[in-house]
Amino acid sequence: MANDDRVGSRDVEPKGFLAKTLMKLYVPSVLSGMKKTMEYMIRPKATLQYPEVKRVTRKGYRGEHRLKQDEQGRMKCVACFMCQTACPAECIEITAGPSPWPDRDKAPVQFRIDMMKCIYCGMCEEACPCDAIELTETYTQVSTSREEKIYDINRLLSN
Amino acid sequence: MPKIKIDGKEVEVVPGTRVIDACDHEGLDIPRFCYHPGLTPAGNCRMCLVKVSNSRKLEVSCVYPCSEGLEVTTSGPEVEAGRKAVLEYMLINHPLDCPICDKAGECQLQDNTAEHRDGLTRFVDPKVVKDTKDLGPQIKIWGSRCISCTRCVRFCEEVVGTGELAMTQRGDHQVADVHPEIPLDNPMSLNVVDICPVGALIDKDFLYASRVWFTKRTDTVCAGCSKGCNIVATVHQNDIKRVQPRENHAVNHYWMCDAGRQGLDYVKGPNRLKLHRGDRKTLAAKLSAIAARGPARVGILASTYATVEEAYLLKQVADQLGARVGFIGRGGDEWTAKNGWKIEADKTPNRAGVAMVFGAVEGPEAILAGVQSGAIQALLVVNGMPGATYAPELLAAAKKLELLAVCDIEKSPLSEAAHVVIASTTWAEKDGVYVNSTGRVQRIQPLIVSQGQARSDVATLQEILVGLGVRRAVLSTEAVFTEAVPALDYAKVGSQGVVLASSPEATTTVSLGAK
Amino acid sequence: MIREFRPEVKAELELICARYPEREAALLPAMRLLEREFGCVDNGGMRHVADLIGVSPAKVFGVLTFYTHFRRDSDGRYVFQVCSTLPCALRGSEKVFDYLSDKLGIGNGETTPDGLFTLKKVECLANCDQAPCGQLNEDFLDVMTPESMDAMIAEARSTPFGEVLPGFGPFHPPSQVYHLPPNPYKPVLLAHVLEPGSDTMEHYLARGGYQIAEQIFKSGKNPDEVIETVFQAGLRGRGGAGFPTGQKWKFLAKNDKPRYLVVNADESEPGTFKDKLLIDRDPHQLIEGILCSAYAIKSKTAYIYIRGEMPFGARQLDRAIQDAYAKGFLGKNCFGTDFACDITVHRGGGAYICGEETGLLSSLEGGRGHPKIKPPFPAVEGAWRCPTIVNNVETISAVPHILKHGPEWFRSFGTEKSPGTKIFSVSGHVVRPGNYELPLGVTMKELIYDICGGIRDGKKLKAVIPGGSSSPILTAEEVLREENPIRLDFDSLAQNGSMLGSGGLIVMDEDTDMVDALWNLLRFYHHESCGQCTPCREGTGWIEKIAGRFAMGDAEAAEIDMLDEIAWGMVGRTICVLADAAAMPTRAIVKKFRAEFEAHVAATPAVDRAARAAAGHHPSRNAKAH
């Protein structure tokens with residue numbers, strides 16, 4: 001076992017009775033471990049004490065979807081299906097229909113996103129030509145059933 | 001035969017050929033809008049401009065005739081510059097409607113622009129705006145999208161003969177329109193939606209229905225009449241969104257009629273029979289027992305919607321049980337367009353196919369008489385015709401039957417009264433073969449998954465035949481077809497069909513097999 | 001509303017149908033009957049004539065909406081039509097329109113609430129020496145002024161309607177007075193136009209009229225010899241293209257199909273007003289020309305296609321033709337021989353493109369004036385797919401003179417390649433606008449300064465459009481050049497980058513804003529594009545909008561070259577040359593007056609922008625907004 005190149009392995013022969021005894025009693029290893037533990041105790045923590053302390057998301061964070069509205073409170077979406085086409089997870093399902101407003105032809109009658117299939121990539125937001133959908137910074141999406149995780153048009157408009 | 005050169009390659013053409021057709025034949029992709037091989041060329045879109053040796057200017061290949069020694073160049077800087085320019089002009093007033101326009105994904109303007117231009121425009125002025133309005137009960141026009149190709153006008157005038165459409169106004173306000181008091185309404189009107197190169201003319205039934213790139217296209221044949229127009233169905237999420245004609249110059253050329261497009265609500269309608277009832281498994285034995293009592297104790301009522309495979313199996317059942325078979329059908333109005341394109345009066349797709357299996361197609365009268373007199377004690381109804389109305393006398397007499405087994409696509413008083421009900425697949429949900437009124441053998445294919453428990457009649461009939469001891473196993477529909485017509489299989493029938501020997505246009509000698 | 005003609009009118013329509021080989025050709029005349037009988041062409045009327053003629057109502061609707069001149073049910077009893085094209089604009093037509101608009105309280109295309117007056121801007125009426133001119137219903141209004149308009153309106157208001165049917169009101173302005181300015185050169189075609197009664201058969205016969213036609217018909221000579229005579233004379237088309245007439249006649253296909261002679265009296269090229277004078281004041285000269293030409297090309301059937309805005313001219317021709325029939329000069333046995341010749345006057349509906357020969361033929365056949373794709377050319381396949389010759393009024397009117405005096409006489413005028421005389425219509429800022437018949441080859445300088453009296457009000461010349469608005473512009477330097485001066489013949493002008501065209505000179509003085517002038521011309525071409533093919537339909541509108549933004553000071557410097565490129569992009573890619581007619585002058589004006597475009601970019605135009613915008617002159621979006 002000469003020339004052992006393994007990193008961190010040190011075949012150091014302890015010399016002397018005390019050294020050998022301490023070694024046999026794993027004292028150096030224990031002390032080394034405790035040193036490591038103490039280092040972690042003092043070090044600044046990454047854990048946030050949620051919900052008292054909430055994470056401030058970075059700019060551009062991709063969270064829950066939202067269908068946006070114009071100044072008159074009408075949804076901007078014109079049911080062009082670009083988002084449904086672009087979505088890599090195929091989680092968007094839109095049903096189109098005539099729009100109720102005279103200056104537009106088309107609007108979504110239904111707009112469903114399966115939030116469990118969604119991978120939060122944001123391709124839908126990029127693909128949209130009307131600035132009608134965005135991924136908000138909301139990351140708290142709690143539900144107690146699968147049905148609740150399929151957001152429909154009403155939910156998306158009120159997000 | 002004159003010889004011309006296309007991009008340096010020598011080609012021999014029939015005299016009078018247009019340059020664009022010669023180029024198409026060579027597999028060259030000449031971009032176009034207004035040219036349609038089923039209509040007289042107009043030469044107004046200017047997209048098909050090519051360089052020809054006889055002229056200083058670029059010429060439109062859709063009109064320019066081939067002559068001996070002509071040299072045609074379909075690519076290169078001059079031709080490309082012409083295409084880019086024509087597209088630029090066409091796009092300046094065209095609204096940027098792609099996100100909301102149904103034609104997206106199958107739009108010639110999108111395709112040509114993606115092929116020949118980058119995505120930029122120099123136009124910054126206000127666009128010309130024209131009306132969006134109904135042209136008739138089926139069709140709406142987005143006038144701003146119209147590129148004045150005149151295909152729709154030429155179609156209504158040359159093919160149909162009704163001429164409801166004309167180009168109106170002048171210059172960049174020109175748009176296809178109807179007389180203010182006379183809507184676009186003829187038996188073939190929806191073809192203009194197919195041939196419109198952009199999303200100006202829209203079928204109101206397909207409006208906003210689905211984006212075409214999500215859909216699946218399946219070739220089949222229309223079952224609306226015995227003409228058997230070749231069609232292609234656009235299906236999305238197991239729903240038939242629309243049907244369009246397929247090119248077949250032996251049957252329907254480029255067109256189909258509106259009735260064929262619009263008579264499909266029944267497939268997913270509320271009246272579909274979806275659940276079986278009664279004991280299917282003992283059906284064969286019960287029929288056999290009743291048949292054994294004497295001749296024609298069992299009657300079979302079918303329709304001329306039955307496919308060749310179904311007819312073949314029905315005959316096997318009838319022969320085994322000694323049963324008479326009667327066929328219901330549906331007649332209606334025949335209609336002929338100005339150019340001779342005809343809608344047949346027989347509104348069922350396979351009378352010819354049934355006739356070839358059975359020799360003659362008997363009506364339902366004998367079956368009705370038999371049930372009324374009591375001679376027929378068991379009636380097997382196998383029907384694929386939508387909207388079949390059974391005579392009230394039959395319904396009254398059917399209560400006397402010892403065994404009434406109904407294998408149908410829709411609920412009816414007959415199915416309510418039946419002892420055994422088997423939900424059946426429609427034309428849209430099965431494989432099969434029809435023979436049209438000119439003796440052409442054509443395939444249908446399943447477009448959607450069947451509804452509820454509905455199963456194919458080919459399977460049901462084979463099960464009965466297995467139960468009767470005539471067949472040993474249930475085979476695929478194609479296997480039944482090849483048994484019925486040994487010279488053919490589905491691949492040989494192909495997407496354009498083949499002609500049978502007994503029709504006037506027969507070019508191959510194929511006849512239906514025996515057993 | 002259901003419309004149906006009285007039996008007499010239906011019979012009248014049948015007689016009209018009989019004058020054409022195909023019934024559809026009677027559609028435009030049938031629509032004029034609707035105007036006469038019901039006061040307008042409306043939905044019910046369109047359905048009725050569709051039924052009588054045998055076409056679809058949609059087709060009739062398409063024809064109605066293509067042309068500008070048919071009366072609609074929204075038109076008032078008196079329709080003021082103010083010419084807005086360049087020659088009239090140069091002499092203040094905008095002010096006239098604005099005055100009428102203010103006085104009547106209506107805008108372009110609108111009708112007063114009492115249904116009495118409608119006000120419309122129209123394109124060149126071929127009356128440019130009387131600029132600013134217009135029409136009131138079917139009558140010309142010469143040199144319109146606020147005072148003269150006040151008088152018209154007052155008289156129209158005070159004239160009682162009585163039993164007059166719906167449609168045009170009963171008041172008519174006074175008949176036109178015809179002018180011919182002094183001319184050092186002796187006219188041939190215009191020799192008699194100002195003589196009283198020059199439009200009558202008696203007057204024409206007294207000056208030796210119909211003698212050469214009679215001589216030729218009775219001689220029974222080989223028609224090809226007549227063609228050869230015209231060919232030898234070197235007569236070139238006087239309508240614009242300048243194609244050798246004899247050569248065109250020789251191109252006729254040699255088959256058994258009937259041949260048609262069609263006279264192009266659709267004079268609509270801005271700045272051109274010579275044919276109107278010939279038709280109004282010497283119609284028999286044209287009739288005799290038709291007889292001789294029809295004999296030469298072996299045609300039994302001739303049509304005179306006259307623009308819809310010239311109903312008086314149409315009536316003059318009709319009367320002359322009736323008189324010729326009465327004398328036996330026309331009909332089954334012309335001059336008592338076995339040769340037949342019929343002439344029918346066919347009124348247009350108001351479209352410049354119907355002056356293009358195949359656009360004319362489409363209109364003659366009863367449709368929208370859409371030019372046909374060439375080849376085949378009309379001499380091979382024209383009207384109703386038969387060999388057809390289309391020639392201008394002036395060209396045909398010259399034929400009897402050539403046949404009477406011989407080719408050498410004709411060649412004694414003009415140059416070798418451009419023999420004969422030509423009527424030049426001069427309009428714009430000259431002292432004496434009008435029609436001048438000159439031997440070809442006279443210098444432009446001589447015409448403008450010596451003959452027309454130079455520029456009015458002592459101003460300096462700035463630019464001249466030599467041959468109708470479709471010919472590229474020439475600057476004053478080019479016109480006034482001493483060495484190798486520009487001459488008024490086909491070749492000299494072609495060599496100098498322009499064309500003789502129809503010979504309509506539009507003269508502009510130093511105060512003319514060339515950007516405005518270009519915008520005016522492009523409004524004309526945009527309005528007159530038939531709409532069939534993509535580059536012209538969209539391109540004419542586009543360059544008009546850009547020119548408009550330059551005129552309003554709302555364009556960028558880079559758009560000067562862009563304007564040139566977009567204009568150039570239309571050329572050579574269209575069915576007919578209206579696109580070229582819009583593009584080439586655009587390129588010439590942009591090139592030769594670039595500095596003015598640059599000045600407009602700096603947004604200091606010398607016009608009252610706010611007032612122009614308020615009057616509806618092309619409000620444009622900010623060039624940066626998209």
Side-chain angles (χ1 to χ4, degrees), chain B residues 33-34 41-47 49 54-60 63-65 81-82 84-94 121-126 128 147-150 153 156-157 161-182 184, chain C residues 43-44 46-47 50 55-68 351 353 368-370 372-373 375 525-542 545-546 548-549 559 562 565-566 568-575 618-626:
Chain B
F33 292 106
C34 69
N44 58 48
C45 71
R46 312 308 284 178
M47 195 63 208
L49 290 169
N54 290 356
S55 172
R56 279 181 304 117
K57 309 184 297 176
L58 297 174
E59 298 287 348
V60 283
V63 167
Y64 209 81
K84 281 188 72 145
V86 168
L87 278 170
E88 184 176 29
Y89 292 115
M90 196 177 280
L91 287 165
I92 61 168
N93 284 312
H94 194 85
T121 181
R122 302 185 276 186
F123 185 78
V124 296
D125 291 288
V128 174
I147 58 167
S148 293
C149 73
T150 71
V153 172
C156 289
E157 207 161 304
T162 46
E164 298 105 317
L165 287 172
M167 295 317 293
T168 64
Q169 311 302 332
R170 191 167 80 193
D172 57 9
H173 288 271
Q174 186 175 246
V175 69
D177 203 352
V178 290
H179 180 281
E181 295 170 355
I182 300 173
L184 172 58
Chain C
N43 287 342
M46 284 192 272
R47 294 176 79 161
V55 294
S56 72
K59 162 133 197 204
V60 184
F61 184 56
V63 168
L64 174 70
T65 53
F66 180 82
Y67 298 101
T68 55
I353 193 62
R368 294 159 66 85
H370 283 181
K372 300 173 197 278
I373 295 195
Y525 290 107
H526 178 202
H527 191 212
E528 297 293 342
S529 168
C530 76
Q532 242 194 130
C533 64
T534 308
C536 176
R537 176 180 70 242
E538 311 291 350
T540 50
W542 193 3
K545 286 174 180 167
I546 298 174
R549 280 193 289 110
E559 293 186 288
M562 190 175 98
E565 274 172 43
I566 293 166
W568 179 230
M570 291 158 58
V571 173
R573 294 173 173 147
T574 51
I575 295 176
H618 190 72
S620 66
R621 283 164 42 182
N622 186 306
K624 289 184 179 46
H626 200 335

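Order of the sequence lines fixes the chain letters, A, B, ..., with proteins taken first and strands second; residue numbering starts at 1 for each chain. Atom set for the values below is all heavy atoms of this structure, side chains included, hydrogens, waters and symmetry mates excluded.
Heavy-atom pairs under 4.5 Å with chain B were tallied for C/V60, C/I353, C/V571, C/I566; the largest tally goes to C/I566. For the set B/V153, B/D172, B/D177, the entry with the most heavy-atom pairs within less than 4.5 Å of chain C is B/D172. By number of non-hydrogen pairs under 4.5 angstrom with chain C, the leading residue of B/T168, B/I147, B/L49, B/T150 is B/T168. Each of C/W542, C/F66, C/Y67, C/F61 has some count of heavy-atom pairs under 4.5 Å with chain B, and the biggest count is that of C/W542. For chain B, the option among C/P375, C/C536, C/C533, C/A50 with the highest count of heavy-atom pairs below 4.5 Å is C/C533. Top candidate by heavy-atom pairs under 4.5 Å with chain B, chosen from C/G541, C/G539, C/C530, is C/C530. Ranked by heavy-atom pairs under 4.5 Å with chain B, the first of C/R368, C/M46, C/E528 is C/R368. Put simply, of B/Q169, B/K84, B/H173, the one with the most heavy-atom pairs under 4.5 Å next to chain C is B/Q169. Taking chain C as the reference chain and counting heavy-atom pairs below 4.5 Å, the highest number among B/V60, B/L87, B/L91, B/N93 is found for B/N93. Most heavy-atom pairs under 4.5 Å with chain B, from the set C/R47, C/M562, C/Q532: that is C/R47.
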Let me see the working for C/S529 and B/R170 under side chain to side chain contact (heavy atoms under 4.5 Å, CB included), right down to the final yes or no. CA-CA 7 Å; C/S529 168; B/R170 191 167 80 193; over 6 Å; no

Can you list the steps and then say if C/R537 with B/Y89 is a side chain to side chain contact (heavy atoms under 4.5 Å, CB included)? CA-CA 8 Å; C/R537 176 180 70 242; B/Y89 292 115; over 6 Å; no

Side chain to side chain contact (heavy atoms under 4.5 Å, CB included) between C/I575 and B/R46: does it pass, once the steps are laid out? CA-CA 8 Å; C/I575 295 176; B/R46 312 308 284 178; 3.3 Å; yes

Intermediate values then yes/no, side chain to side chain contact (heavy atoms under 4.5 Å, CB included), C/E559 and C/R549: CA-CA 10 Å; C/E559 293 186 288; C/R549 280 193 289 110; 2.8 Å; yes

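In this structure, chain C has heavy atoms under 4.5 Å from both the backbone and the side chain of B/A81. In this structure, chain B has heavy atoms under 4.5 Å from both the backbone and the side chain of C/H527. Only the side chain of B/I92 has a heavy atom closer than 4.5 Å to any heavy atom of chain C. Only the backbone of B/T162 comes within less than 4.5 Å of a heavy atom of chain C; no side-chain atom from C-beta onward does. Heavy-atom distances place both the backbone and the side chain of B/V86 under 4.5 Å from chain C. Heavy atoms of B/V128 lying under 4.5 Å from chain C belong to its backbone as well as its side chain.
At a threshold of 4.0 Å, the pair B/R122-B/E88 counts as salt-bridged, since one of the basic side-chain nitrogens sits closer than that to a carboxylate oxygen. A salt bridge does not link C/K59 to B/E157: none of the charged nitrogens lies less than 4.0 Å from a carboxylate oxygen.
Not a single salt bridge (Lys or Arg N to Asp or Glu O under 4.0 Å) links C/E538 to another residue, sequence neighbours left out.
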